[in-house]
Amino acid sequence: MEVLKSIREAKSFLASLDKRPSLIPTMGALHKAHSALMRRAAEDSSFIVSIFVNPAQFGPGEDYDTYPRSFDDDLRLCEEARAAAVFAPEVSEIYPEGFITKVSLSELTRSMCGAVRPGHFEGVATVVLKLFNIIRPEQAYFGQKDYQQCRVIERMIKDLNLDLEAVILPTVREEDGLAVSSRNRYLSEEERSQAPALYRALKRAALRVTGGETDAALISRELSLELQREMPLSRVDYAGLYSAGTLQPLREVSEPAVAAAAVFLGRARLIDNVLCGNK
Ligand code: AMP
């Protein structure tokens, strides 16, 4: 497995391949959800994992400096998963002096996480486009846990006629339902014991929809209340039912919906979502 630290190294490695690889963009601190993406990618073709903690997607006061970094362990996992290469550039390689271009996706990024993390999805879309341009993958793999990110990337691929396919894989969970995340390691024992309530509450909201309730505002209120009750150590950042396509908050369930929420729990901010299906 090659470890590529610069765009020049990446380009010369890519030139040695006889087929376009696929790509798994990550911020490192790899865990079993990343391994699941790698397993799936390995079934399809040879793949490259990018490891880059992207400063542009962190807001002021967020955890860029303290975001978990475990490069040696990450390399081991990638090697075990038979990655062809790891692309791990320095920040200055991706954002050289004078860098000003941003990819912006207006409406899609004004709700959910976008409403509470201004600039986050511009940072994500811009770096992902750069990674696509550097690696030129045939497919790129993403996890449904970051639902809004998946929609943003799919939209960007369509709008900008990018020549690749985004493959979205289901959320990987711990046995008690908590979505696996690099930030779960921030949780104290007591916080960790409350964390699975997030998924339970989202599932209940989705069940209300499949059970026939069409008052989305009511379901959203119930969801927030359940989170406050079941996770007393947390603070709800947002919670509700959103259009699965446009991501706009719903008042009525008249189109496919997703129940989604973010909660602050101790030092961690947990996000999760459950698709409600057609109504
Ligand atoms: P990250 O390193 O957290 O930026 O994540 C890299 C990729 O892994 C993204 O496409 C995430 O959506 C995906 N991912 C992270 N956690 C999970 C999870 N629990 N289940 C599925 N995909 C995930």
Side-chain angles (χ1 to χ4, degrees), residues 33 36-37 40 105-117 120-121 124-125 141-158 165-181 183-184 194-231 234-265 268-279:
L37 294 179
R40 172 59 203 281
L105 289 99
S106 61
E107 287 100 282
L108 260 191
T109 63
R110 290 202 190 112
S111 58
M112 297 170 64
C113 286
V116 286
R117 299 185 73 189
H120 170 69
F121 287 109
V124 169
Y141 296 84
F142 298 91
Q144 198 202 303
K145 180 175 89 79
D146 297 278
Y147 186 83
Q148 191 168 18
Q149 172 169 288
C150 293
R151 297 288 83 78
V152 161
I153 284 158
E154 286 174 338
R155 189 76 244 171
M156 175 176 77
I157 289 174
K158 204 167 184 178
E165 180 200 5
V167 181
I168 311 296
L169 297 181
T171 302
V172 176
R173 300 181 179 283
E174 304 291 358
E175 269 179 19
D176 58 12
L178 174 65
V180 178
S181 164
R183 289 177 170 114
N184 291 350
Q194 293 184 12
L198 174 57
Y199 179 48
R200 282 201 301 273
L202 291 167
K203 273 198 301 193
R204 206 182 319 275
L207 267 178
R208 293 279 276 135
V209 174
T210 40
E213 179 58 66
T214 57
D215 185 343
L218 170 70
I219 299 173
S220 297
R221 275 199 306 279
E222 289 172 355
L223 171 61
S224 290
L225 286 174
E226 177 169 347
L227 291 173
Q228 283 160 30
R229 194 178 58 241
E230 299 296 320
M231 304 176 76
S234 78
R235 177 168 68 75
V236 177
D237 202 15
Y238 69 83
L241 277 190
Y242 299 85
S243 156
T246 68
L247 308 187
Q248 293 310 300
L250 293 176
R251 298 202 63 75
E252 281 292 306
V253 184
S254 53
E255 55 190 300
V258 61
V263 300
F264 290 103
L265 188 56
R269 180 176 176 277
L270 309 180
I271 61 170
D272 204 347
N273 65 84
V274 174
L275 276 167
C276 309
N278 279 326
K279 187 63 223 146

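FYI, side chains are in, hydrogens and waters are out, and symmetry mates aren't considered; it's all heavy atoms of this structure.
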Exercise. Under the side-chain contact (heavy atoms from CB on, under 4.5 Å) criterion, do L169 and F142 qualify, and how do the steps go?
Worked result: CA-CA 6 Å; L169 297 181; F142 298 91; over 6 Å; no
Mind checking salt bridge (Lys or Arg N to Asp or Glu O under 4.0 Å) for [X] and listing every partner two or more places apart, or none if nothing turns up?
X	answer
R208	E213, E222
E154	R151
E174	K32

Taking side chain to side chain donor-acceptor pair (under 3.5 Å) as the test, write out the residues that go with [X], two or more places apart.
X	answer
R40	D44
R173	D272
D215	none
S111	none

Problem set entry | Donor-acceptor under 3.5 Å (N273 side chain, K145 main chain) | yes
Exercise. Going by atom types only, do E255 and S243 share a side-chain donor-acceptor pair under 3.5 Å?
Worked result: yes
For this session: Please lay out, stage by stage, how M156 and L105 fare under the test side-chain contact (heavy atoms from CB on, under 4.5 Å).
Result: CA-CA 8 Å; M156 175 176 77; L105 289 99; 4.2 Å; yes
Non-hydrogen atoms of [X] and [Y] that approach each other most closely:
X	Y	result
I271	A262	CG2-CB, 3.6 Å
I153	V124	CD1-CG1, 4.4 Å
A36	V172	CB-CG2, 3.8 Å
Y238	C113	OH-SG, 3.1 Å
L37	G143	CD2-N, 4.4 Å
M231	L265	CE-CD2, 3.9 Å

Does a side-chain heavy-atom distance below 4.5 Å link [X] with [Y]?
X	Y	value
Y147	T171	no
D146	Q144	no
V274	Y199	yes

Would you compute the distance between atom [atom1] of [X] and atom [atom2] of [Y] and round it to the nearest 0.5 angstrom?
X	Y	atom1	atom2	result
F121	M112	CZ	CE	7.5 Å
R229	S224	CZ	OG	11.5 Å
Q248	R110	CD	CZ	8.5 Å

Atom pairs and distances, donor-acceptor, side-chain atoms in residues 200-207, under 3.5 Å, two or more places apart:
unit_1, atom_1, unit_2, atom_2, d
R204, NE, E226, OE1, 2.8
R204, NE, E226, OE2, 3.1
R204, NH2, E226, OE2, 2.8

For this session: Decide side-chain contact (heavy atoms from CB on, under 4.5 Å) for I157 and R155; before the verdict, give the C-alpha distance in whole Å, the side-chain angles of both, and the deciding distance to 0.1 Å.
Result: CA-CA 5 Å; I157 289 174; R155 189 76 244 171; over 6 Å; no
Exercise. Excluding sequence neighbours, so at least two apart, what forms side-chain contact (heavy atoms from CB on, under 4.5 Å) with S220?
Worked result: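 If we apply the side-chain contact (heavy atoms from CB on, under 4.5 Å) test to S220, skipping adjacent residues, the hits are L241.
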Exercise. Residues in side-chain contact (heavy atoms from CB on, under 4.5 Å) with N184, at least two apart?
Worked result: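 N184 satisfies side-chain contact (heavy atoms from CB on, under 4.5 Å) with L178, S181, L187, L270 once adjacent residues are dropped.
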Problem set entry | salt bridge (charged side-chain N to carboxylate O under 4.0 Å, His left out): pairs with one or both residues in residues 236-254, sequence neighbours excluded |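 Matches after skipping sequence neighbours: D237-R269.
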